[in-house]
Asker: 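Got a structure for you, questions after.
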Amino acid sequence: MIEGVQTKRLEKHSDDRGYLAELVRDDENLLSHFGQATISMSYPGVIKAFHYHEKQDDLWFFPSGNAQVVLYDLRKDTSTTGRTDVIYMGKHNPILLLIPKGVAHGYRVLGSESATIIYFTTASYNKNDPDEKRIDWNDPTINFNWETTFK
C-alpha cells in the first residue's frame, strides 16, 4: 500500500432495528486535526479524478453505492513514489480510507446505483486559497485504465 495510506474496517453493531457503526473517533489518531466533514453523491459511471492536496489529509467513507478508488503517490520523499493503488469501497466493503497530502486520488462509481461519499479533512475548504490541485482523469503519467477489465 502507498506509504501513509490507512484503512479502517468498520465494526457494525446489529440488532433487529438495524445497525450502528462508529466512523471516526478522536482516540484513533486517523486525522491529525479535524477541519471539515462533507457529503457528496455521484451518479453511476461517473469518474471524479484526479486531485491532491498540499496541506490537508482526507478520510473517505462510502455509506452507499460502490466505488473504485484510485490513489497515486506524487510525493518525492516516500518509498512508494509513483505507485498506484486501487481500493474498492462502499456498501460491499465498508471501510474508511485515509489519504495523506501529496497522494492524488479519484474514484469511479461502480454498478447501477449512485454512490454517496462522506469525507473528513484536516483543514476547512478556503474558497480564496483552495488546497485543490487538479490532474486530468486520463493523465498519461498516472496512466490508469478506468475500463472494467472482466466484463
Side-chain angles (χ1 to χ4, degrees), residues 1-75 78 80 83-139 142 144-148:
M1 186 166 301
I2 291 174
E3 188 176 312
V5 173
Q6 296 179 49
T7 60
K8 172 191 170 186
R9 181 148 315 275
L10 297 184
E11 182 179 335
K12 289 184 177 181
H13 304 279
S14 301
D15 63 21
D16 59 352
R17 300 168 294 172
Y19 74 87
L20 174 135
E22 294 178 344
L23 292 179
V24 183
R25 295 175 48 94
D26 63 357
D27 58 358
E28 294 176 318
N29 298 315
L30 280 171
L31 291 173
S32 60
H33 174 81
F34 175 77
Q36 180 173 317
T38 306
I39 187 170
S40 177
M41 184 275 298
S42 299
Y43 295 116
V46 165
I47 296 173
K48 286 193 168 183
F50 286 101
H51 76 272
Y52 67 97
H53 310 286
E54 294 176 339
K55 302 173 190 168
Q56 76 182 38
D57 299 329
D58 284 9
L59 185 62
W60 282 15
F61 176 64
F62 286 87
S64 67
N66 292 287
Q68 175 189 48
V69 177
V70 180
L71 308 174
Y72 182 80
D73 194 353
L74 294 166
R75 302 167 298 173
T78 67
T80 53
R83 179 176 169 157
T84 301
D85 281 345
V86 179
I87 299 169
Y88 295 92
M89 301 177 62
K91 71 179 184 179
H92 296 305
N93 189 26
I95 61 172
L96 289 169
L97 176 66
L98 176 67
I99 306 167
K101 57 184 145 288
V103 174
H105 45 283
Y107 66 88
R108 174 175 65 128
V109 178
L110 299 174
S112 59
E113 68 178 278
S114 299
T116 300
I117 181 174
I118 297 173
Y119 59 94
F120 307 88
T121 60
T122 53
S124 294
Y125 181 77
N126 180 346
K127 68 178 181 178
N128 296 320
D129 185 23
D131 184 24
E132 298 274 335
K133 311 302 183 218
R134 300 283 175 195
I135 300 172
D136 289 338
W137 66 275
N138 60 352
D139 180 82
I142 297 175
F144 186 75
N145 179 1
W146 291 96
E147 293 291 318
T148 299

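Predicted, not measured: the structure shown is a model, and the values here were computed from it. Excluded from the calculations below are hydrogen atoms, water molecules and symmetry mates; all remaining heavy atoms, backbone and side chain alike, are included.
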Asker: Would you please name every residue forming a side-chain hydrogen bond (donor to acceptor under 3.5 Å, both in side chains) with Thr7, sequence neighbours left out?
Answerer: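 Thr7: no side-chain hydrogen bond (donor to acceptor under 3.5 Å, both in side chains) contacts found.
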
Asker: According to side chain to side chain contact (heavy atoms under 4.5 Å, CB included), who are the partners of His51, at least two apart in sequence or on a separate chain?
Answerer: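 Listed in chain order: His53, Asp58, His105, Glu132, Arg134.
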
Asker: Using the side-chain hydrogen bond (donor to acceptor under 3.5 Å, both in side chains) criterion, which residues pair with Ser14? Sequence neighbours excluded.
Answerer: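 Expected list: none.
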
Asker: Got a donor-acceptor contact below 3.5 angstrom from the Asp131 side chain to the Glu54 backbone?
Answerer: yes

Asker: Please list every donor-acceptor pair under 3.5 Å in which a side-chain atom of residues 93-104 meets a protein atom from a residue at least two apart or in another chain.
Answerer:
from  : atom 1 : to    : atom 2 : distance (Å)
Asn93 : OD1    : Arg9  : NH1    : 3.0
Asn93 : OD1    : Arg9  : NH2    : 3.1
Asn93 : ND2    : Tyr88 : O      : 2.6

Asker: Under the rule for side chain to side chain contact (heavy atoms under 4.5 Å, CB included), what residues qualify as partners of Trp137, not counting sequence neighbours?
Answerer: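 If we apply the side chain to side chain contact (heavy atoms under 4.5 Å, CB included) test to Trp137, skipping adjacent residues, the hits are Ile47, Ala49, Trp146.
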
Asker: Name all residues meeting the side chain to side chain contact (heavy atoms under 4.5 Å, CB included) criterion together with Pro44; count only those two or more places apart in sequence or in a different chain, and write none if there are none.
Answerer: Ser114

Asker: So which pairs with a foot in residues 108-119 pass salt bridge (Lys or Arg N to Asp or Glu O under 4.0 Å), sequence neighbours left out?
Answerer: Lys91-Glu113

Asker: Is the closest side-chain heavy-atom distance between Thr78 and Asp73 below 4.5 Å?
Answerer: yes

Asker: Are the side chains of Val69 and Phe62 in touch, meaning some heavy atoms are under 4.5 Å apart?
Answerer: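 A side-chain contact under 4.5 Å exists here.
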
Asker: Assign the ring pair Tyr119 / Trp60 to parallel, tilted or perpendicular, where the plane angle (0 to 90°) is split at 30° and 60°.
Answerer: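 It falls in the tilted class, 30° to 60°.
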
Asker: Can you tell me how far CD1 of Ile2 sits from CG of Leu71, rounded to the nearest 0.5 angstrom?
Answerer: 5.0 Å

Asker: With sequence neighbours left out, write down each residue that passes side-chain hydrogen bond (donor to acceptor under 3.5 Å, both in side chains) with Thr38, or none if nothing qualifies.
Answerer: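 Residues passing side-chain hydrogen bond (donor to acceptor under 3.5 Å, both in side chains) with Thr38: Gln36.
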
Asker: Thr122 side chain to Asp57 main-chain N or O, any donor-acceptor pair under 3.5 Å?
Answerer: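 Present.
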
Asker: Under a 4.5 Å cut-off applied to non-hydrogen side-chain atoms, are Arg75 and Thr80 in contact?
Answerer: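 Side-chain contact under 4.5 Å: yes.
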
Asker: How long is the straight-line distance from CD of Gln6 back to CD of Glu28, given to the nearest 0.5 Å?
Answerer: 10.0 Å

Asker: Strictly under 6.0 Å, is that where the ring centroids of Phe50 and Phe144 end up?
Answerer: no

Asker: Show, in sequence, the C-alpha distance, side-chain angles and deciding distance for Val24 and Phe61, and conclude whether the side-chain contact (heavy atoms from CB on, under 4.5 Å) test is met.
Answerer: CA-CA 10 Å; Val24 183; Phe61 176 64; over 6 Å; no

Asker: Counting distance only, does the side-chain N/O of Asn66 pair as donor-acceptor with the main-chain N or O of Leu110 below 3.5 Å?
Answerer: no

Asker: Taking the side chain as everything from C-beta on, heavy atoms only, tell me whether Ile117 gets closer than 4.5 Å to Ser42.
Answerer: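 No; the side chains remain at least 4.5 Å from each other.
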
Asker: So, taking the atom named CG in Leu31 and the one named OG1 in Thr121, what distance separates them when rounded to the nearest 0.5 Å?
Answerer: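 Reported value, rounded in 0.5 Å steps: 8.0 Å.
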
Asker: Tell me the ring pair (Phe, Tyr, Trp, His ring centres under 6.0 Å) pairs involving residues 12-42, sequence neighbours left out?
Answerer: none

Asker: Residues two or more places apart in sequence or in another chain: which of them pass side-chain hydrogen bond (donor to acceptor under 3.5 Å, both in side chains) with Asp15?
Answerer: Arg17

Asker: Is the backbone of Gly35 close enough, under 3.5 Å, to the side chain of Ser124 for a donor and an acceptor to pair up by distance?
Answerer: yes

Asker: CG of Asp139 to OH of Tyr72: how many Å apart, nearest 0.5 Å?
Answerer: 8.0 Å

Asker: Please list, chain by chain and in numerical order, all residues satisfying side chain to side chain contact (heavy atoms under 4.5 Å, CB included) with Asp136, sequence neighbours excluded.
Answerer: Asn138

Asker: Which atoms form the tightest heavy-atom contact between Glu22 and Leu10, and what is the distance?
Answerer: O-CD2, 3.5 Å

Asker: Which distance, rounded to the nearest 0.5 Å, do you find between the CD of Gln68 and the OG1 of Thr148?
Answerer: 7.0 Å

Asker: Can you tell me which residue pairs pass the salt bridge (Lys or Arg N to Asp or Glu O under 4.0 Å) test with a partner in residues 29-43, sequence neighbours excluded?
Answerer: none

